[in-house]
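Because the structure is a prediction, the values reported are computed rather than measured. Just so you know, these numbers use all the heavy atoms, side chains as well, and skip hydrogens, waters and symmetry mates.
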Amino acid sequence: MKKYIIIFILFFLQNSFAQDLSQGYIADDLVQHPMQDLSKPAYLECVTDPSFPNTTIRRITEATPGNFIVPMYSTVQAWNSDESLLIVYGGGTHKLLNGTDYTFIRDLTAINPDDIEAVFWHFNNPDILFYMDNNTTELISYNVSTDVKTTIVNLRTITGCSPSSGMSSGNDLQMMSWDSDVFGFRCGNTATYYYKISTGTLTQFNIANVNYTAAMPFPSGNLFYHNKSVYDSAGNFVRTFNIDKVEHSCLGKLSNGDDALFEIAFEEGPSGGCQGTLVAHNATTGNCMSVTPPDDYGYPKSGTHISALAHKNTEGGWVAV
């Protein structure tokens, strides 16, 4: 049976008022914890993980045999800002759950995002989520409590994107900026832009090879990531990260507040180093650090996904791998 490793990493910043997510866990536990046979619990029931006896697993969805109902992607928030609501996807529909007891509330049939995963919770307002409508290309603010949709802007209209070109809010999909103000998207394979909601301004990136990928905002909304490189708020190139190849990654922050890219790197970067199951790249300085270097943790683990979205924690820099 396959062995899976879950690593919680902290880029440590002293803070006497911090929420320490590692409390109760053993630091640097390199002992193998292979998966063991475990009967599927009943819907909404809990079971103890035999490999980690202090860990309980709760089954929160009830898909029919052969199907699934799951969170969307590790780079996109599943919970809203106060964790009172949760979105999962299955059976061709986004589903709204209670974020605490996980009971089903309703199917979100009112929303029609351009991609299954392109649904973004507001970072502070627990009732609001954003998406680009797949039919109208409008940027929509949707209130899940009142079931009211508000059109912010039509992205095709303001860009002049040809009707024959598909529009997308990603491909290498990441969240909006952490003030819920900056939204990245692209016009086919021709151009990529960001729209700033507070000022109603559109900026096109100076990127010749869009590679069917939209430039995505870092948490600050002042820097952007596209195909191993960083761009500024004017849409201009800043620097290229020391990355061999684009792999699974997530945008987030270091504990000092700098924008960062967290990724798995199977090989060293062009400048050497920065290889591991988790590598942190500082978008402000361009520096990178192997958090789990191969000498300590072995060759990078396939199947790795990363999330760096714990933006409400008082202690910054947390990453789940």
Side-chain angles (χ1 to χ4, degrees), residues 71-83 85-87 89 94 108 111-134 136-144 149-156 158-159 167-187 191-205 213-226 230-235 249-253 257-262 283 306-313 316 319:
M72 293 171 288
Y73 195 52
S74 59
T75 63
V76 177
Q77 281 186 208
W79 275 269
N80 63 350
S81 61
D82 65 3
E83 298 185 354
L85 298 170
L86 171 69
I87 293 179
Y89 181 87
H94 294 88
L108 291 174
I111 67 172
N112 183 34
D114 69 281
D115 187 277
I116 290 171
E117 297 161 339
V119 178
F120 311 108
W121 282 113
H122 194 288
F123 279 82
N124 291 301
N125 188 330
D127 291 327
I128 300 297
L129 57 83
F130 300 92
Y131 65 95
M132 181 202 297
D133 189 277
N134 191 44
T136 68
T137 66
E138 294 171 325
L139 177 59
I140 301 291
S141 169
Y142 175 64
N143 189 308
V144 296
K149 290 188 284 188
T150 302
T151 299
I152 298 172
V153 68
N154 190 303
L155 298 172
R156 188 180 295 280
I158 63 170
T159 59
M167 296 190 71
S168 172
S169 52
N171 189 16
D172 186 11
L173 191 68
Q174 304 284 343
M175 288 288 290
M176 299 171 68
S177 60
W178 284 14
D179 58 3
S180 305
D181 195 30
V182 177
F183 181 84
F185 65 102
R186 64 179 172 87
C187 168
T192 177
Y193 308 83
Y194 78 85
Y195 182 79
K196 191 174 180 66
I197 297 173
S198 62
T199 59
T201 54
L202 175 75
T203 301
Q204 181 175 350
F205 290 91
T213 303
M216 292 280 100
F218 282 96
S220 70
N222 298 318
L223 294 174
F224 299 81
Y225 177 67
H226 182 273
V230 178
Y231 292 80
D232 63 20
S233 58
S249 62
C250 187
L251 303 184
K253 288 184 180 182
D258 285 353
D259 289 327
L261 170 76
F262 301 95
I306 297 168
S307 181
L309 300 174
H311 62 95
K312 286 288 188 179
N313 192 5
V319 182

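A donor-acceptor pair under 3.5 Å is formed between the side chain of T75 and the backbone N or O of L173. Formation of a donor-acceptor pair under 3.5 Å by the N80 side chain with backbone atoms of E83 is found in this model. Between the W121 side chain and the A78 main chain, a donor and an acceptor come within less than 3.5 Å of each other. Under a 3.5 Å cut-off, the side chain of D133 and the backbone N or O of I140 do not form any donor-acceptor pair. Counting only distance, with no hydrogens or angles, the side chain of D172 and the backbone of H226 share no donor-acceptor pair below 3.5 Å. Distance alone, capped at 3.5 Å, is enough to place a donor-acceptor pair between the H94 side chain and the I116 backbone. Under the 3.5 Å distance criterion, the side-chain polar atoms of S141 are left unmatched by any main-chain donor or acceptor of T150. At least one donor-acceptor pair closer than 3.5 Å links the side chain of D181 to the backbone N or O of S198. A donor-acceptor distance shorter than 3.5 angstrom exists from the side chain of Q174 to the backbone of L251, with no hydrogens or angles considered.
In the model, D259 has a side-chain atom that pairs as donor or acceptor with a side-chain atom of S220 under 3.5 Å. Looking at N125 and S81, their side chains never bring a donor and an acceptor atom within 3.5 Å of each other.
In terms of heavy-atom proximity, V76 sits nearest to E117 at CG2-O, 3.6 Å. Pairing each heavy atom of S307 with each of C250, the nearest pair is CA-SG, 3.9 Å. Nearest heavy atom pair, residue T192 against residue A214, reads OG1-CA, 3.4 Å. Closest approach of A308 and V319 over heavy atoms only: CB-CG2, 4.1 Å.
Checked against ring-ring contact (aromatic ring centres under 6.0 Å, His included), Y193 has the following partners two or more places apart in sequence or in another chain: F185. Evaluation of the ring-ring contact (aromatic ring centres under 6.0 Å, His included) rule for H122 yields F130 as partners, not counting sequence neighbours. Applying the ring-ring contact (aromatic ring centres under 6.0 Å, His included) test to Y194 and every residue at least two apart in sequence or in another chain returns F205, F224.
We find the OG-CZ distance between S169 and F120 to be 4.5 Å, quoted to the nearest 0.5 Å. Here the straight-line distance linking atom CG of N112 with atom NZ of K149 works out to 7.5 Å at 0.5 Å rounding. The distance from atom CG of N222 to atom CG of D232, rounded to the nearest 0.5 Å, is 9.5 Å. Rounding to the nearest 0.5 Å places CZ of F123 at 3.5 Å from CE of M175. The distance from atom CG of N134 to atom CD1 of I111, rounded to the nearest 0.5 Å, is 11.5 Å. Going from atom OG1 of T137 over to atom CE of M132 covers 7.0 Å, rounded to the nearest 0.5 Å.
The side-chain heavy atoms of S168 and D115, taken from C-beta on, include no pair separated by under 4.5 Å. Put simply, the side chain of L129 reaches to within 4.5 Å of the side chain of I87, judged on heavy atoms. For the pair V153/L202, no side-chain contact is recorded, criterion being any heavy-atom separation below 4.5 Å from C-beta on. With a 4.5 Å cut-off on side-chain heavy atoms, I152 and F183 do not count as touching. You'll find the side chain of H311 reaches within 4.5 Å of the side chain of Q77, heavy atoms only.
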